[in-house]
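Structure, as structure tokens:
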Amino acid sequence: MRTEYQFREIEKAWQGFWETNKTFQAQVNPAKPKYYVLDMFPYPSGAGLHVGHPLGYIASDIMARYKRLQGYEVLHPMGFDSFGLPAEQYAIQTGQHPAITTEQNITRYIEQLKNMGFSFDWSREVRTSDASYYKWTQWIFMQLFNSWYNQESDKAESIETLKAILGAKGSIGLKAVCDEDVHRISASEWNAMSADEQYAYLLSFRLAYLDDSVVNWCPQLGTVLANDEVKDGVSERGGYPVEQKKMRQWSMRITAYADRLLRGLEEVDWADSLKEQQRNWIGKSVGTDVEFAIENVSDKKIKVFTTRVDTIYGVSFMVLAPEHEWVEELTTPAQKEAVEEYVNWAKTRSELDRVSEVKTVSGVFTGTYVINPVNQERVPLFLADYVLAGYGTGAVMGVPSGDQRDWNFAKHFDLPIPAILDAQKDIDIQADNTKEGKYINSGMINGMGYKQATETLVSWLEEQGIGKGKVQYRMRNAVFSRQRYWGEPVPVYFKPAANGEYLPYLIEESELPLELPKIDKYLPTETGEPPLGRAAAEWKYQGQYDYEWSTMPGWAGSSWYWYRYMDALNEGEFASKEAINYWKAVDLYIGGSEHATGHLLYSRFWNKFLKDLGYVPEEEFAKKLINQGMIQGRSNFVYRLKDAAKVTFVTHGLKDQYEVAALHVDVNIVENDVLDIEAFKKSRNDVPADAEFIFEDGKYVCGWEVEKMSKSKFNVVNPDDLIAKYGADTLRVYEMFLGPLEQFKPWNTNSISGSHNFLRKVWRLFFDDQANTSKVVDTPATPEELKVLHTAIRKVQDDLDRFSFNTVVSTLMICVNDLGALKCSKKSVLRELVILLSPYAPHIAEELWVALGEEAGSISSAKFPAFNATFLEENDFNYPISFNGKVKLTLAFPVTATPAEIEAAVLANDQVSKHLEGKTPSKVIVVPKRIVNIVLGK
RNA sequence: GCUUGGGUGGUGGAACUGGUAGACACGCGGGACUUAAAAUCCCGUGAGCCGUAACGCUCGUGUGGGUUCGAUUCCCAUCCCAAGUACCA
């Protein structure tokens with residue numbers, strides 16, 4: 001028996017024990033209630049696990065262990081989201097295959113995770129980049145490709161049911177989610193189509209479909225960049241210009257599920273703020289589509305969506321997105337030059353720049369006029385980059401009196417600002433978006449109120465066939481193609497139709513997985529095709545057809561992984577029916593709030609889709625969600641000159657004298673903000689050996705900022721050193737003690753010794769360090785000791801049930817301090833204390849469990865202590881006595897005393913009358929077992 | 001810009017439903033033990049004021065208002081910080 005707290009040995013020994021005895025292996029066990037605790041799985045970055053990762057994992061592990069103590073069958077798995085950009089970046093720099101990098105990183109992650117003593121069931125580990133896993137990601141893609149969304153049944157259905165409908169009734173009046181511009185046909189038109197034509201027609205309905213999307217294109221790198229890789233309008237890698245470009249991309253019709261994604265929020269136990277964020281992201285708005293005719297153009301009309309059709313008489317201009325496909329056609333010769341200049345300028349602006357800059361107005365007149373359908377007025381047509389092509393119809397009507405941005409635009413271009421409501425105020429100073437009052441200057445709706453005006457206009461527009469009430473979502477369909485190597489291949493090949501057009505076809509299900517081909521370099525081809533195009537010569541379907549060369553996005557593999565954990569080794573299905581029906585859905589999901597609108601929406605979307613097809617039972621995949629706050633890091637920066645012929649970096653102190661771009665630099669090659677130049681050159685291949693550095697005081701000083709700790713910011717802090725110094729139990733306790741799980745906080749190691757001391761204090765309740773002997777005695781506990789213990793039992797349970805992990809630590813500290821003061825070493829008390837501690841500090845708990853002489857085996861199969869309220873009963877309550885809300889003294893009264901008795905006793909009290917200073921209280925408020933407040937008049 | 005959070009001692013934080021603000025830790029100061037150090041233990045620690053001391057007083061939860069017997073907590077306004085913003089994951 002170890003009588004000293006030697007955490008290194010203890011932790012190693014118990015980690016070995018758990019692994020050998022498969023202590024945490026979960027199984028389908030209908031005899032027990034189940035509990036599924038899931039962590040958002042990590043991307044295995046080259047920097048290893050940082051101190052921010054374990055925060056959520058510790059919390060989920062505590063819940064997993066707590067639920068085991070309560071008798072649940074607990075599924076608590078871990079895996080890796082192992083496709084992604086950093087491994088590909090590394091491959092580009094070094095030529096090493098991303099699979100090798102990924103494998104190495106995962107090995108390191110597993111080692112680190114095991115060091116933390118997590119109770120994961122490692123037999124269920126998944127990796128999204130394993131062919132045995134992405135086989136099923138590809139399989140789900142195939143189901144999406146083979147499905148359409150039937151708005152009648154409000155669910156996804158097989159494309160076969162659509163074919164049947166088209167054959168019988170055609171698509172006129174068909175309620176389906178499909179491409180905006182799909183041509184409506186009759187059944188006979190459908191039946192007259194060739195097989196190829198029918199196939200091409202169906203592409204407009206599939207949930208996975210091809211569409212033009214705008215991307216960040218970097219001509220010099222020949223590749224598409226993530227917004228993350230673009231800084232200040234140039235590529236982060238190399239500093240080259242980036243422009244907005246349309247490309248043919250795979251997309252997913254997530255908008256088909258917009259309404260169900262909204263409704264589903266009502267049935268999940270997620271933070272209200274997060275639900276609100278998702279609601280706003282989905283952005284349901286009810287409004288009207290209106291078509292404006294174009295002067296001198298007969299074959300086209302511009303469609304706009306507006307939520308305020310009642311303001312249509314106030315339209316004084318119309319704006320198209322600069323990348324709208326009709327821009328060239330609708331520009332008059334006189335305006336051609338100005339328009340081209342504006343369009344080229346807009347290409348250099350990122351979407352974020354465009355929508356976030358509201359103070360400056362930019363735009364250009366096309367020379368063309370459109371006709372307002374309600375009053376036949378000529379309205380000038382402008383281009384402006386605050387309108388986005390990908391959102392809505394790419395056109396908006398400008399109503400300056402009711403919308404501030406339109407108002408600014410009208411002022412800037414000297415356009416009229418007609419008043420439309422008699423309640424509008426000061427519209428020569430600013431816009432007034434009121435819905436109050438009666439309409440003026442508004443033709444058919446003059447004198448009406450908001451509701452009646454809207455109804456009148458919508459029905460008039462519908463009668464005329466130039467408008468329609470419509471529900472629109474801010475959320476856009478999800479772009480699914482990535483021009484990258486390290487992702488799932490899309491299981492599609494292209495075959496020419498009779499008209500020469502290439503159509504996408506799925507490969508056979510039996511041919512899954514479609515594995516990534518080997519390529520010579522992880523870069524785009526010389527003609528700008530995605531990296532997989534490099535394999536094109538040999539990598540062909542049936543030896544003749546080109547495969548899809550783009551790969552799937554990072555979110556594909558992470559949108560269904562919780563099902564794979566249920567049955568990770570299954571080769572015939574993504575998971576067996578038996579496993580899915582037992583585990584059903586995730587009971588507790590813990591991960592970063594930065595996933596609020598990305599991963600969590602995509603996952604909900606795929607889950608609903610799988611449910612529609614009958615593969616899974618639950619509409620929502622995660623019943624309870626907790627977002628752990630990010631542990632923030634301290635990043636370092638170097639400053640690269642923007643317009644230097646030679647690659648040059650300037651030190652932080654002198655950077656203001658130059659045009660610079662700030663680039664993150666790995667904090668591990670920076671000491672006290674001073675950069676290690678040699679290491680820096682080696683770390684990046686875009687820094688040539690002869691790169692120049694402008695120093696201050698003979699050194700290169702980096703800038704710094706507190707921001708998110710993440711691989712992409714090169715500011716990762718590693719937990720290994722802390723474990724070596726204090727042990728995993730200390731780190732676990734400390735990370736929980738830092739503050740509320742949900743709260744954002746910068747990492748600070750300073751007070752970790754307090755958590756370590758706490759564990760040592762626990763140890764000293766059991767052992768006498770000096771005498772090397774056990775102190776545990778088998779005598780009955782005193783009422784005082786039981787009160788201390790049961791106070792802790794109640795609070796630990798209450799706090800864990802509301803996921804307040806930090807206050808549990810305080811509670812345990814108080815309990816241990818109190819027991820120490822009572823010199824309590826009673827076995828019956830310590831036994832329960834150790835169980836309370838075990839979810840937080842499992843290694844020391846196992847060791848002390850043995851020291852108590854408990855039977856061989858793990859404390860994880862013990863039972864959580866039962867709280868007994870009788871030990872806490874008190875006869876008196878100490879009432880704070882306050883005067884006008886300020887507490888001056890306390891008085892004890894029996895808990896059974898009535899408010900009237902207390903009031904009388906208080907007023908009769910000597911000390912109280914001293915504070916009254918002869919005044920008569922106007923009122924006395926007694927809140928039983930809380931407070932007494934004596935109100936004195938002024 | 002928009003969406004969602006956050007702001008309490010020197011520091012991390014506690015105060016769960018409007019009821020004694022600062023629990024529990026860190027740090028700091030003082031002391032005990034020790035030849036010394038480590039470890040451990042004890043005392044003090046929001047700011048200011050009065051006083052030899054005890055007793056006590058005033059202020060105090062980003063800022064300014066409001067509601068209430070009573071506000072860190074609810075409402076309005078405002079400032080600052082963070083995250084997300086659709087190809088980082």
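We use all heavy atoms of the structure for the numbers below, so side chains are in, but hydrogens, waters and symmetry mates are not. Naming convention: chains lettered A, B, ... in sequence-line order (proteins, then strands); numbering from 1 in each chain.
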Sugar-phosphate, base or nothing in reach of [X], heavy atoms under 4.0 Å:
X	answer
R279(A)	nothing
N817(A)	sugar-phosphate
H595(A)	base
K929(A)	nothing
Q249(A)	base
F737(A)	base
M40(A)	nothing
N757(A)	sugar-phosphate
T811(A)	nothing
P42(A)	nothing
W555(A)	nothing
I925(A)	base
V215(A)	base

Worksheet item: What residue among D729(A), V762(A), V808(A) forms side-chain contact (heavy atoms from CB on, under 4.5 Å) with L837(A)?
Response: V762(A)

Between [options], which nucleotide gets closest to the side-chain atoms of [X]?
X	options	value
T597(A)	C88(B), G84(B), A86(B)	G84(B)
Y43(A)	G5(B), C69(B), A89(B)	A89(B)
R760(A)	C16(B), U40(B), U20(B)	U40(B)
S810(A)	G19(B), A23(B), C57(B)	A23(B)

Discussion item. Return whichever of D799(A) or V887(A) has its heavy-atom-nearest nucleotide of RNA chain B closer to the 5' end.
Written reply: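 Final value for this comparison: D799(A).
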
Worksheet item: Is there a donor and acceptor pair, one atom on the side chain of Q89(A) and one on the base of C88(B), closer than 3.5 Å?
Response: no

Pairwise [atom1] distance, [M] and [N] [rounded to whole Å]:
N	M	atom1	answer
U11(B)	U61(B)	P	15 Å
G84(B)	G12(B)	P	22 Å
U35(B)	G29(B)	P	24 Å
A25(B)	C81(B)	P	35 Å
A82(B)	C76(B)	C1'	24 Å
U8(B)	U73(B)	C1'	12 Å
G27(B)	G9(B)	C1'	12 Å
G13(B)	G7(B)	C1'	13 Å

How close or far is atom [atom2] of [N] from atom [atom1] of [X], stated in whole angstroms?
X	N	atom1	atom2	answer
R474(A)	U4(B)	CZ	C1'	12 Å
M813(A)	C24(B)	CE	P	11 Å
E88(A)	C87(B)	CD	C1'	12 Å
K761(A)	A39(B)	NZ	C1'	13 Å
M252(A)	C87(B)	CE	P	13 Å
I282(A)	U85(B)	CD1	C1'	15 Å

Response to the item:
By the Watson-Crick or G-U definition, both distances under 3.5 Å, C49(B) is matched with G56(B)

OP1 or OP2 of [N] under 4.0 Å from side-chain N/O of [X]:
X	N	answer
Q743(A)	G13(B)	yes
N280(A)	C2(B)	no
R764(A)	C41(B)	yes
R482(A)	C87(B)	yes
K888(A)	U58(B)	yes
N806(A)	A14(B)	yes

Practice prompt. Just jot down the salt bridge (Lys or Arg N to Asp or Glu O under 4.0 Å) partners of K284(A), sequence neighbours excluded, or say none.
Written response: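 Here the qualifying residues are D259(A).
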
Worksheet item: Distance-only, no hydrogens or angles: does the Y473(A) side chain make a donor-acceptor pair with backbone N or O of S285(A) under 3.5 Å?
Response: no

Worksheet item: Above 12 or not: heavy atoms from other molecules or residues under 6.0 Å from CZ of R930(A)?
Response: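 Counting neighbours around CZ of R930(A), 12 or fewer heavy atoms of other residues, nucleotides or ligands fall under 6.0 Å, so no.
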
Item to complete: Could you check whether the rings of Y134(A) and F83(A) sit parallel, tilted or perpendicular, using 30° and 60° as the cut-offs?
Response: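 Plane angle between 30° and 60°, so tilted.
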
Worksheet item: Looking at the angle O4'-C1'-N9-C4 for a purine or O4'-C1'-N1-C2 for a pyrimidine, is G9(B) syn or anti, with syn meaning within 90° of 0?
Response: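 Here the answer is syn: the torsion falls within 90° of 0.
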
Worksheet item: Is the Lys NZ or Arg CZ of R604(A) less than 6.0 Å from the centre of W270(A)'s six-membered ring, within 45° of the axis?
Response: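 Yes, R604(A) lies over the aromatic ring of W270(A).
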
Item to complete: State whether a side-chain donor-acceptor pair under 3.5 Å links T807(A) with S810(A).
Response: no

Worksheet item: Under 6.0 Å between ring centres, would you say that holds for F41(A) and Y561(A)?
Response: yes

